[in-house]
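Structure first, commentary second.
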Protein chains: 2
Amino acid sequence: MALEHAILVSLLERPGSGYELARRFERSIGRFWTATHQQIYRVLRRMEADGWVTAEEIGQDGRPDKRSFSVAGEGLAVLAEWLRAPVQAEAVRHELAVKIRGAAFTDDAGRAALIGEVERYRADHETLLSTYLNGEKRDFPDLDGRDAGQRLQHVVLRGGIAYERMLLDWLDDVLDTLRAL
Amino acid sequence: MALEHAILVSLLERPGSGYELARRFERSIGRFWTATHQQIYRVLRRMEADGWVTAEEIGQDGRPDKRSFSVAGEGLAVLAEWLRAPVQAEAVRHELAVKIRGAAFTDDAGRAALIGEVERYRADHETLLSTYLNGEKRDFPDLDGRDAGQRLQHVVLRGGIAYERMLLDWLDDVLDTLRAL
DNA sequence: TGGGAATATGCAATTAGTTGCACAGCAACG
DNA sequence: CGTTGCTGTGCAACTAATTGCATATTCCCA
């Protein structure tokens with residue numbers, strides 16, 4: 001429904017090929033909107049056919065050629081319209097929360113396994129928080145300054161940081177609760 | 001991928017019809033795993049065919065009959081296996097974050113509209129936080145006590161509360177940032 | 001010169017989920 | 001007795017997304 005829009009935003013921040021987009025969707029913007037490279041290529045083709053983006057063949061030394069995409073006027077108009085529309089209620093899918101409630105219906109071994117899983121999950125998110133904090137130091141060193149795009153990317157990153165901190169605290173709560181059962 | 005599992009957990013907490021499940025998926029467990037009634041009926045049929053759940057016709061006074069589902073032994077085994085498996089990386093789809101980054105590429109009117117949207121979104125989540133807090137007071141009045149299921153449902157709800165609080169703080173940050181552009 | 005790794009793009013089959021519609025039972029209200 | 005509204009179940013068409021596979025270019029290293 002909105003992969004198109006995420007791609008428009010990413011291409012406006014910096015034009016690039018499908019491959020480059022796929023890499024971004026594993027890193028920066030991908031933290032807030034995930035997609036596989038197959039899905040990205042398919043949507044890009046449709047967007048190009050609809051005139052939202054234009055492609056340019058770029059010959060490269062030392063690596064295969066690529067098709068770099070940029071946002072066309074039509075794409076900018078679509079984005080503006082989408083920005084004005086109400087934020088859709090998000091389809092929440094929080095597997096871990098369901099698993100925790102499911103822990104009431106398994107045995108001790110199952111609960112022990114879940115505790116292990118939560119610990120692993122917690123470690124992953126501790127790493128992710130570090131990544132965010134390093135990225136913040138690297139990309140947004142001065143407190144304000146910069147252009148609008150920088151400040152907006154920064155506030156979104158701050159959201160990611162706040163989320164990860166909240167999550168880590170909650171996971172400690174979860175682990176305490178599971179261990180005390 | 002895991003709607004089946006969410007249904008199993010919900011039916012173990014309390015057996016019920018497709019309609020009742022659909023209502024729960026708009027409220028309690030639905031905060032962590034959403035689904036429409038059509039999707040629920042379809043999955044229930046498959047789960048019944050696979051022997052994960054069993055149905056019982058229940059005649060009712062003053063309202064239409066219903067088919068109430070309960071988890072069978074096979075379903076319990078499937079759940080136990082799922083609980084032991086690693087937590088899948090979640091497919092994040094945070095539309096608002098993308099819109100905020102997109103705000104760099106629109107005009108003042110577009111940004112003003114987005115500010116209005118963020119305010120509406122914030123109000124909705126303030127309401128949701130109240131709902132959570134009321135639910136907590138109603139369903140989990142004593143600090144510990146109760147059975148494992150109650151304590152696990154409570155810790156998941158605490159996660160929802162922590163999330164909403166974090167979100168509200170962040171939305172204030174977002175509004176400040178958007179207004180200062 | 002052969003193999004692995006990164007870059008770069010895509011097809012095909014399938015599954016999951018959404019959207020729109022339909023229809024029946026029953027109650028309450030006017 | 002007709003309409004509205006909640007309860008209860010479902011079909012059909014479509015879209016979005018996942019999964020598994022395929023393939024070419026180019027570099028680097030053994």
Side-chain angles (χ1 to χ4, degrees), chain A residues 1-8 10-11 15-27 30 32-50 53 55-69 82 88-95 98, chain B residues 1-8 10-11 15-27 29-30 32-50 53 55-69 82 85 88-95 98:
Chain A
M1 199 56 177
L3 175 57
E4 287 86 342
H5 304 112
I7 288 175
L8 286 174
S10 193
L11 287 179
S17 67
Y19 185 79
E20 284 161 338
L21 278 173
R23 303 212 54 193
R24 291 181 212 169
F25 273 79
E26 286 168 5
R27 300 164 71 268
F32 312 103
W33 204 275
T34 52
T36 59
H37 70 97
Q38 293 95 327
Q39 184 71 2
I40 289 168
Y41 282 116
R42 177 134 27 96
V43 170
L44 272 175
R45 229 172 306 139
R46 186 169 66 230
M47 292 170 76
E48 191 186 5
D50 292 347
V53 297
E56 188 192 359
E57 299 282 343
I58 297 196
Q60 301 187 108
D61 292 349
R63 48 172 74 176
D65 298 351
K66 67 177 178 182
R67 300 188 71 221
S68 186
F69 291 91
W82 175 68
Q88 297 290 307
E90 343 232 314
V92 183
R93 300 274 148 85
H94 199 316
E95 192 187 9
V98 180
Chain B
M1 199 55 176
L3 175 56
E4 287 85 342
H5 304 111
I7 288 176
L8 286 173
S10 193
L11 287 179
S17 67
Y19 185 78
E20 285 161 338
L21 277 173
R23 302 213 56 193
R24 292 182 211 169
F25 274 79
E26 286 169 3
R27 302 164 71 267
I29 200 164
F32 312 104
W33 204 276
T34 51
T36 60
H37 71 97
Q38 293 95 328
Q39 183 73 2
I40 288 168
Y41 282 116
R42 178 136 24 100
V43 170
L44 272 175
R45 228 172 307 140
R46 186 169 67 230
M47 291 170 77
E48 193 188 2
D50 293 346
V53 296
E56 186 192 0
E57 299 283 343
I58 296 195
Q60 302 187 106
D61 291 348
R63 48 172 72 176
D65 298 350
K66 65 178 179 183
R67 300 187 73 219
S68 185
F69 291 91
W82 176 67
Q88 297 291 306
E90 342 233 314
V92 183
R93 300 274 148 82
H94 200 317
E95 191 187 12
V98 180

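Quick caveat: nothing in here was measured; it's all calculated off a predicted structure. So you know, we letter chains A, B, ... as the sequences are listed, proteins then strands, and number each from 1.
Side-chain to base pairing of B:Arg67 with D:dT7: no donor and acceptor N or O lie closer than 3.5 Å to each other. Residue B:Arg63 places no side-chain atom within donor-acceptor reach of the base of D:dT9, judged by atom type and a 3.5 Å distance cut-off alone. A donor and an acceptor atom never sit less than 3.5 Å apart when one is taken from the side chain of A:Gln39 and the other from the base of C:dG10. With hydrogens and angles ignored, no donor-acceptor pair closer than 3.5 Å exists between the side chain of B:Gln60 and the base of C:dG25.
Taking OG1 of A:Thr36 as the reference point, atom CZ of A:Arg42 lies at 7.5 Å (rounded to 0.5 Å). For the atom pair CD (A:Glu48) and CZ (A:Phe69), the distance works out to 5.0 Å, reported to the nearest 0.5 Å. Taken to the nearest 0.5 Å, the CD atom of B:Glu56 stands 9.5 Å off from the NZ atom of B:Lys66. Atom CD1 of residue B:Ile40 and atom OG of residue B:Ser17 lie 10.0 Å apart, to the nearest 0.5 angstrom.
Rounded to whole Å, atom P of D:dT15 lies 12 Å from atom CD of A:Glu4. A:Glu48 has its CD atom 14 Å from the C1' atom of C:dG10, to the nearest Å. Between the CG atom of B:Asp61 and the P atom of C:dA27 there is a distance of 8 Å, given to the nearest Å. Spacing between atom CZ of B:Arg42 and atom P of D:dT9 amounts to 16 Å, rounded to whole angstrom units. Here D:dA22 presents its P atom at 18 Å from OH of A:Tyr41, a figure rounded to the nearest Å. In this entry the distance linking NZ of A:Lys66 with C1' of D:dA24 reads 17 Å, nearest Å. The CD atom of A:Glu57 sits 13 Å away from the P atom of C:dA8 (whole-angstrom rounding). If you measure from atom CG of A:Leu3 to atom C1' of C:dG17, you get 16 Å, rounded to the nearest angstrom.
Both A:Ala35 and B:Arg23 sit near DNA chain D, but only B:Arg23 has its closest nucleotide nearer the 5' end. Nearest-nucleotide assignment on DNA chain C puts the 5′-proximal partner with A:Pro64, out of A:Pro64 and A:Gln38.
Between B:Ser17 and D:dT9 there is a side-chain N or O to OP1 or OP2 distance below 4.0 Å. A:Arg45 has no side-chain polar atom (N or O) that falls below the 4.0 Å cut-off from OP1 or OP2 of C:dT9. Between B:Tyr19 and D:dT7, a side-chain N or O to OP1/OP2 separation shorter than 4.0 Å is present.
A distance-only check finds a donor-acceptor pair linking the side chain of B:Glu95 to the backbone of A:Gln88 [under 3.5 Å].
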